[in-house]
Q: 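After the structure tokens below, expect a handful of questions from me.
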Amino acid sequence: MSRPIPAPTTTVIDSLLFRDAFGTPAVRAIFSDHALIQRYIEVEVALAKAEAACGIIPTEAADQIAANCNFDTLDFDLLRHETDTVGYPILPLVHQLVKQCGEAGRYVHWGATTQDIMDTANVLQIRAGLDLVAADVDALRAILADLSRRHRDTPMAGRTHLQQALPVTFGYKTAIWLAALDRHAERLAQVRPRVLVGSFAGAAGTLASLGEHGLAVQEALCRELGLGVPVSTWHVARDGFAEVVNLLALITGSLGKIALDVMIMASTEFAEVYEPFVTGRGASSTMPQKRNPISSELMLAASKGVRQQAGLMLDAMVQDFERATGPWHAEWMAIPESFVLAAGALHQAKFALGGLIVDEAQMRKNLGISRGLIVAEAVMMALAPHTGRQQAHDLVYAACRVVNEQGGTLAEALAAVPEVAAHFDRAAIDRLTDPANYLGSAPQMVDRVLASVPRDR
């Protein structure tokens, strides 16, 4: 018996092939069509309860609405068809909820407007999405904290402009990544009270349909849903939603930076770190030796995708008068995709960094490929008190040219310079040109990052 053909898809978000590369089942469940419709119903039921509590509609009607609004018996084909016709899903949904509720149906959606229901449902989705993202960020922070502790003193080449610059430690590098994620965790906590507020304001945002009871119903609705009460109508003030997506862009931007570092460090010429080994992962169809950094590649791609959506959300902030004529619709594309891509990138980061293979011996070997030139500054700074900074610079510079043009090591070249040998014997020169002895405050900076916020260990 043949298997049914899967429904056609057009994006990596819902693709049978790619959806778990760019997202996770958990985040897709939050932002699925079915979950969104259930949120619409949740808001409509909460509204009825709030209005009953404020004496706007009969308590019995609110009870009937709560008992009879049923997602499982909706006609989804009809809902889709009417949504195509109307342009929005709420009126078609209300048509069906009214029928489900019988006599009490006359009170469904009382005094509300479409955007009230849709915005508040989106807030509920965003709340769940932020919970998921925050949990993943915390898990990744724990992974990075462990890497930073373990490699606090692991020397490696620090690089600027893709050239070896000065020695650092691998823990210093991961601590910088960790500090960024710590700040993102702080931002995730700070954004919640600004964004997790209800939207209930009526046709033009004035709650005129509920007369003197409008603000009381608004407060009761928000309380029913566990949301904050807005200080003003935000139908066309979209900074909250824009802030959320731009925060996701910041988070994935940090993940993209990590991914780029890992990919370069995993290249054959560097060979300093590798993503966890899983049979077949990162394999090439033609080159059996390949072990491509797949998770890092996906993280980098996701960061670019969310960045584009962040720009779209900023553009969507420019809305006309009291109800937008189109920018609002752009959010329907940007918000779900941003959360899915961000969650997918975090998932990939947890895998890649949680099992990261660090080749300390190769890091040490790479430190030596410049034959001591990477610590030329160390020699210059040690020599400067004896000769003056500029003369020290010129002496070391000349020794570096000898190494570049004639070979040998910096220690050998320096030992042959009378002005250097007059102040340092060969043992001292060897110590000065050992990269492990010129780490600056890198290990202490790791300690500061680890101590900067409470951690499990």
Side-chain angles (χ1 to χ4, degrees), residues 2-42 71-72 74-90 92-93 117-119 121-136 241 244-249 251-252 255-256 259 281 294-313 316 328-352:
S2 62
R3 295 182 178 179
I5 299 175
T9 59
T10 56
T11 74
V12 295
I13 298 299
D14 53 9
S15 164
L16 181 67
L17 297 176
F18 301 117
R19 63 189 180 197
D20 287 333
F22 286 95
T24 67
V27 73
R28 287 197 302 274
I30 291 171
F31 290 94
S32 69
D33 274 349
H34 282 192
L36 181 58
I37 295 167
Q38 288 173 320
R39 292 299 194 187
Y40 292 155
I41 295 173
E42 181 181 353
F71 169 84
D72 294 327
L74 291 174
D75 183 336
F76 292 103
D77 284 337
L78 178 61
L79 182 58
R80 176 185 54 79
H81 175 73
E82 291 190 350
T83 298
D84 286 342
T85 301
V86 175
Y88 304 93
I90 300 305
L93 176 63
I117 306 303
M118 292 183 68
D119 277 351
N122 287 153
V123 171
L124 297 177
Q125 285 184 302
I126 287 171
R127 180 170 65 184
L130 288 175
D131 289 344
L132 187 152
V133 168
D136 281 349
F241 282 4
V244 167
V245 175
N246 276 267
L247 175 51
L248 295 178
I251 293 170
T252 54
L255 298 183
R281 185 166 179 82
I294 296 300
S295 289
S296 295
E297 293 174 4
L298 292 168
M299 290 158 60
L300 184 58
S303 73
K304 295 177 182 294
V306 179
R307 181 189 66 192
Q308 296 301 316
Q309 300 299 348
L312 180 59
M313 289 297 293
W328 179 43
H329 302 62
E331 298 177 352
W332 309 352
M333 298 180 280
I335 293 173
E337 182 167 325
S338 297
F339 270 99
V340 172
L341 290 175
L346 285 163
H347 173 73
Q348 297 294 340
K350 290 189 298 180
F351 170 79

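For the numbers below, each heavy atom of this structure counts, side chains included, while hydrogens, waters and symmetry mates do not.
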Q: The test is side chain to side chain contact (heavy atoms under 4.5 Å, CB included); show your working for Leu74 and Ile41 and say whether it passes.
A: CA-CA 11 Å; Leu74 291 174; Ile41 295 173; 4.1 Å; yes

Q: Which pair of non-hydrogen atoms, one from Ala345 and one from Met299, has the smallest distance, and what is that distance?
A: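 In terms of heavy atoms, the two residues are closest at O-CG, 3.6 Å.
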
Q: Check whether more than 12 heavy atoms from other residues, nucleotides or ligands sit under 6.0 Å from atom CG of Asp131, and answer yes or no.
A: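 Yes - once you tally the heavy atoms of other residues, nucleotides and ligands closer than 6.0 Å, there are more than 12.
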
Q: Give the intermediate values and the outcome of side chain to side chain contact (heavy atoms under 4.5 Å, CB included) for residues Leu93 and Thr83.
A: CA-CA 9 Å; Leu93 176 63; Thr83 298; over 6 Å; no

Q: Tell me the closest heavy-atom pair linking Ala343 and Asp136, and the distance in Å.
A: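 Closest approach of Ala343 to Asp136, heavy atoms only: O-OD2, 4.3 Å.
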
Q: Are the side chains of Met118 and Pro89 in contact, using a 4.5 Å heavy-atom criterion?
A: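 When only atoms from C-beta onward are counted, Met118 and Pro89 do touch, with a gap below 4.5 Å.
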
Q: Tell me whether the rings of His34 and Phe76 are parallel (<30°), tilted (30 to 60°) or perpendicular (>60°).
A: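 Judged by the thresholds at 30° and 60°, the geometry between His34 and Phe76 is parallel.
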
Q: Would you say His81 has more than 12 foreign heavy atoms packed within less than 6.0 Å of its NE2?
A: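 No, NE2 of His81 has 12 or fewer neighbouring heavy atoms, counting only those of other groups under 6.0 Å.
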
Q: Given side chains that start at C-beta, do those of Gln309 and Phe339 come closer than 4.5 Å, heavy atoms only?
A: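 No, side chains not in contact.
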
Q: List in chain and number order the residues that pass side-chain hydrogen bond (donor to acceptor under 3.5 Å, both in side chains) with Asp119, two or more places apart in sequence or in another chain; answer none if no residue qualifies.
A: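 Per chain and number, Asp119 pairs via side-chain hydrogen bond (donor to acceptor under 3.5 Å, both in side chains) with Gln115, Arg238, Trp328.
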
Q: Using 0.5 Å steps for rounding, measure from the CD atom of Gln125 to the CZ atom of Arg127.
A: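 Atom-to-atom, Gln125:CD and Arg127:CZ are 11.5 Å apart.
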
Q: Is the closest side-chain heavy-atom distance between Ile335 and Met313 below 4.5 Å?
A: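 Side chain of Ile335 against side chain of Met313, heavy atoms only: contact under 4.5 Å found.
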
Q: Taking distance alone, no hydrogens or angles, what donor-acceptor pairs closer than 3.5 Å link side-chain atoms of residues 13-29 to residues at least two apart or in another chain?
A:
from	atom 1	to	atom 2	distance (Å)
Asp14	OD1	Thr11	OG1	3.2
Ser15	OG	Leu17	N	3.0
Ser15	OG	Phe18	N	3.1
Asp20	OD1	Arg28	NH1	3.1
Asp20	OD1	Arg28	NH2	2.9
Thr24	OG1	Val27	N	3.2
Arg28	NH1	Arg19	O	3.0

Q: Does any non-hydrogen side-chain atom of Leu132 lie less than 4.5 Å from one of Leu346?
A: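 No, side chains not in contact.
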
Q: Between Leu298 and Ile294, is there a side-chain heavy-atom distance shorter than 4.5 Å?
A: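 They are in contact (side-chain heavy atoms under 4.5 Å apart), so the answer is yes.
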
